[in-house]
Amino acid sequence: MNSTTSLPLHQGGITPISALHPDIFQSHILALLDGPSLASLACVSSQLHALSTHDILWFSICSSTWPSLNHPRLQQIISTFPSGHRSFFSDSFPFPDLQPLKLDVNSCTLPTELIFAVDVYYQNQIIYSKVEELDTSSSWFLCSPFRVDLLDPKDSASTPVRYLGGSQDEAWLKHLEENLSLSWIVINPTRKKAVNVSSRRAVSVQRHWLTGDVQVRFGTVTAGDEGRGSSRELVECGVVVTCCGKEGGEMHVREVCMVMEDMEGKGLNGKDSLVILEGVIEQGRRKGGEGNEGKVKFEEFQERKRERKEENQRKERVLDLVCITVGVVGFVSFWSAILFK
């Protein structure tokens with residue numbers, strides 16, 4: 001008579017996690033999870049937390065999520081974060097929370113260097129990746145309008161995407177809005193912190209009025225460094241990806257740039273932009289989420305800008321009317337004094 005040997009069953013035939021070798025559990029189960037799922041699993045028990053915090057797991061997740069992180073210097077910087085790649089993911093994956101900045105503008109120490117890790121995706125596949133290091137210590141940078149360009153004006157990056165237009169233009173623009181996504185991570189290497197200032201999905205897509213190139217805009221609206229009612233109550237960190245090409249040919253990325261604008265559409269200079277970015281990085285409050293949250297915030301911001309513009313125009317009309325009235329009264333009084341003298 002043959003006999004078989006079976007593994008002991010626990011809890012109604014279910015083998016507990018403790019019965020699995022940690023290497024097997026990590027390589028065959030944990031390695032298959034994405035970042036949010038792995039972070040949630042780490043909260044279940046102390047044992048799962050210990051297994052889920054190994055840096056090799058988070059290194060794999062960060063590298064696959066953001067290919068730009070394979071840059072040698074970024075790997076060295078991320079290794080100095082409090083919990084390595086896990087800390088970096090915690091900083092960079094969620095959206096910044098729209099909260100008033102708790103930052104003393106007069107006493108804060110501005111960073112002397114920022115690093116930008118940028119990845120552009122089409123249908124979740126990487127089509128452009130770049131790491132940009134920016135010296136922010138010069139007086140020229142602090143006083144000049146803040147603008148970060150990843151491509152030289154004469155350069156462009158080819159992509160495997162087929163460029164459409166013509167009779168399909170409206171559908172093509174809608175297609176890009178739904179399928180093009182972007183990650184723009186701002187890294188402060190000194191403070192060992194980072195933040196993703198992209199809306200992930202596009203907030204608007206339109207053609208440039210002169211060149212006809214497609215401009216795909218991503219943006220994050222954050223609290224500014226001034227109080228309610230000021231032009232910098234809210235600030236938009238906007239990223240524009242400009243695409244061009246011939247109909248039926250491959251699409252080229254011609255420009256990828258980031259600017260900071262206040263509620264009147266005015267660009268912030270380098271110093272003011274550093275204050276905002278440093279406040280967002282230091283805030284520490286994050287919100288998860290995908291979907292169209294970025295677009296909703298962008299549209300609300302645009303509506304606030306429109307209302308502010310109309311209010312300023314009303315004030316200017318009232319001021320013009322007062323000036324005209326004072327001028328007329330002064331003119332009449334002057335000639336009345338002369339005629340009846």
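Predicted, not measured: the structure shown is a model, and the values here were computed from it.
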Problem - Any side-chain heavy-atom pair of V239 and L182 under 4.5 Å - result: yes
For residues 323-334, dump all side-chain donor-acceptor pairs below 3.5 Å to protein atoms at least two apart in sequence or in another chain.
residue : atom : partner : partner atom : Å
T325    : OG1  : L321    : O            : 2.8
S333    : OG   : V329    : O            : 2.8

Practice task
Taking all non-hydrogen atoms of both residues into account, name the closest pair between S273 and F146 and its distance.
Solution key: OG-CB, 3.1 Å
Problem - Salt bridge E310-R306, side-chain N to carboxylate O under 4.0 Å - result: yes
Exercise for the section: State plainly whether one hydrophobic cluster holds both L268 and V240, where clusters connect Ile, Leu, Val, Met, Phe, Trp and Tyr through side-chain heavy atoms under 4.5 angstrom apart. Expected result: no
Practice task
Specify the closest pair of heavy atoms between P67 and Y121, including all atoms of both residues, with the distance to one decimal.
Solution key: CD-OH, 3.8 Å
Handout entry: Polar side-chain atom of S231 near backbone of E264 as donor-acceptor pair, under 3.5 Å
Key = no
Exercise for the section: Begin with the C-alpha distance, continue with both residues' side-chain angles, and end with the deciding distance and a verdict on side chain to side chain contact (heavy atoms under 4.5 Å, CB included) for V118 and E132. Expected result: CA-CA 8 Å; V118 183; E132 185 79 8; over 6 Å; no
Exercise for the section: Measure from the side-chain N and O atoms of D91 to the backbone N and O of F88, and report whether any donor-acceptor pair falls under 3.5 Å. Expected result: no
Problem - Evaluation steps, side chain to side chain contact (heavy atoms under 4.5 Å, CB included), between L51 and L41 - result: CA-CA 10 Å; L51 292 172; L41 187 65; over 6 Å; no
Problem - Residue pair H175 / Y122, side-chain donor-acceptor N/O under 3.5 Å - result: yes
Practice task
Following the transitive rule for hydrophobic clusters with a side-chain heavy-atom cut-off under 4.5 Å over Ile, Leu, Val, Met, Phe, Trp and Tyr, establish whether V221 and V259 coincide in one cluster.
Solution key: no
Problem - Atom pair SG/NE2 of C243 and H252 - distance to nearest 0.5 Å - result: 11.0 Å
Handout entry: Pairwise distance CD(E278) to CZ(R191) - rounded to 0.5 angstrom
Key = 4.5 Å
Completion exercise
Of all heavy-atom pairs linking F218 and V241, the shortest is CE1-CG2, 3.8 Å
Exercise for the section: For the residue pair W58 and F89, categorise the inter-ring angle as parallel (less than 30°), tilted (30 to 60°) or perpendicular (more than 60°). Expected result: tilted
Practice task
Report, as yes or no, whether the 6.0 Å neighbourhood of atom CG on D320 holds more than 12 heavy atoms from other residues, nucleotides or ligands.
Solution key: yes
Practice task
Any chance you could measure T190, atom OG1, to L110, atom CG, to the nearest 0.5 Å?
Solution key: 11.5 Å
Problem - N/O donor-acceptor pair under 3.5 Å between D119 side chain and S68 backbone - result: yes
Problem - Same cluster (ILVMFWY, side-chain, under 4.5 Å), F298 and W184 - result: no
Problem - OG-CD1 distance between S52 and I29, expressed to the nearest 0.5 angstrom - result: 10.5 Å
Problem - Nearest heavy atoms of S199 and T220, plus distance in Å - result: N-OG1, 3.7 Å
Handout entry: Expected output: side-chain S64 to main-chain I61 donor-acceptor under 3.5 Å
Key = yes
Which pairs would a plain distance check flag for residues 151-159, meaning a side-chain donor or acceptor within less than 3.5 Å of a matching protein atom at least two apart in sequence or in another chain?
residue : atom : partner : partner atom : Å
T159    : OG1  : V161    : N            : 3.3
T159    : OG1  : M251    : O            : 2.6

Completion exercise
Heavy-atom closest pair (F141 atom, L134 atom, distance to 0.1 Å) is CE1-CD2, 3.7 Å
Practice task
Answer whether the closest heavy-atom distance between the side chains of L277 and N188 falls below 4.5 Å.
Solution key: no
Handout entry: Rounded distance (nearest 0.5 Å) linking atom CZ of R304 with atom CE of M263
Key = 4.0 Å
Handout entry: Any donor-acceptor N or O pair under 3.5 Å, side chains N196, S183
Key = yes
Exercise for the section: Could you check L150 against V148 for side chain to side chain contact (heavy atoms under 4.5 Å, CB included), going step by step and ending with a plain yes or no? Expected result: CA-CA 7 Å; L150 300 187; V148 181; 4.2 Å; yes
Problem - Candidate pair L274 and L142, rule side chain to side chain contact (heavy atoms under 4.5 Å, CB included), full reasoning - result: CA-CA 8 Å; L274 286 182; L142 296 174; 3.8 Å; yes
For a quick test of your reading: what N or O donor-acceptor pairs under 3.5 Å do the side chains of residues 71-83 make, sequence neighbours left out?
residue : atom : partner : partner atom : Å
H71     : ND1  : R73     : N            : 3.2
R73     : NH1  : E113    : OE2          : 2.7
R73     : NH1  : E133    : OE1          : 2.8
R73     : NH2  : E113    : OE1          : 3.2
Q75     : OE1  : H85     : NE2          : 3.0
Q75     : NE2  : L69     : O            : 2.6
S79     : OG   : Q76     : O            : 2.5
T80     : OG1  : I77     : O            : 2.5

Practice task
Decide yes or no for R86 and T53: does some side-chain heavy atom of the first lie under 4.5 Å from some side-chain heavy atom of the second?
Solution key: yes
Problem - E236 with R217: basic N within carboxylate O range, under 4.0 Å - result: yes
Handout entry: hydrophobic_cluster_shared for F301 and V203, side chain cutoff 4.5 Å
Key = no
Problem - Shared hydrophobic cluster, M260 / W140 (ILVMFWY, side-chain heavy atoms < 4.5 Å) - result: yes
Handout entry: NZ/K305: more than 12 non-hydrogen atoms of other groups inside 6.0 Å
Key = yes
Problem - salt bridge (Lys or Arg N to Asp or Glu O under 4.0 Å) assessment of E311 paired with R308 - result: CA-CA 5 Å; E311 179 64 23; R308 184 177 181 84; over 6 Å; no
Practice task
Rounded to the nearest 0.5 Å, what's the gap from CZ on R207 to SG on C244? Could you check?
Solution key: 10.5 Å
Completion exercise
Closest non-hydrogen atoms of L30 and L38, given as atom of the first, atom of the second and distance, are CD2-CD1, 4.0 Å
Problem - Residue pair E300 / V296, side-chain heavy-atom distance below 4.5 Å - result: yes
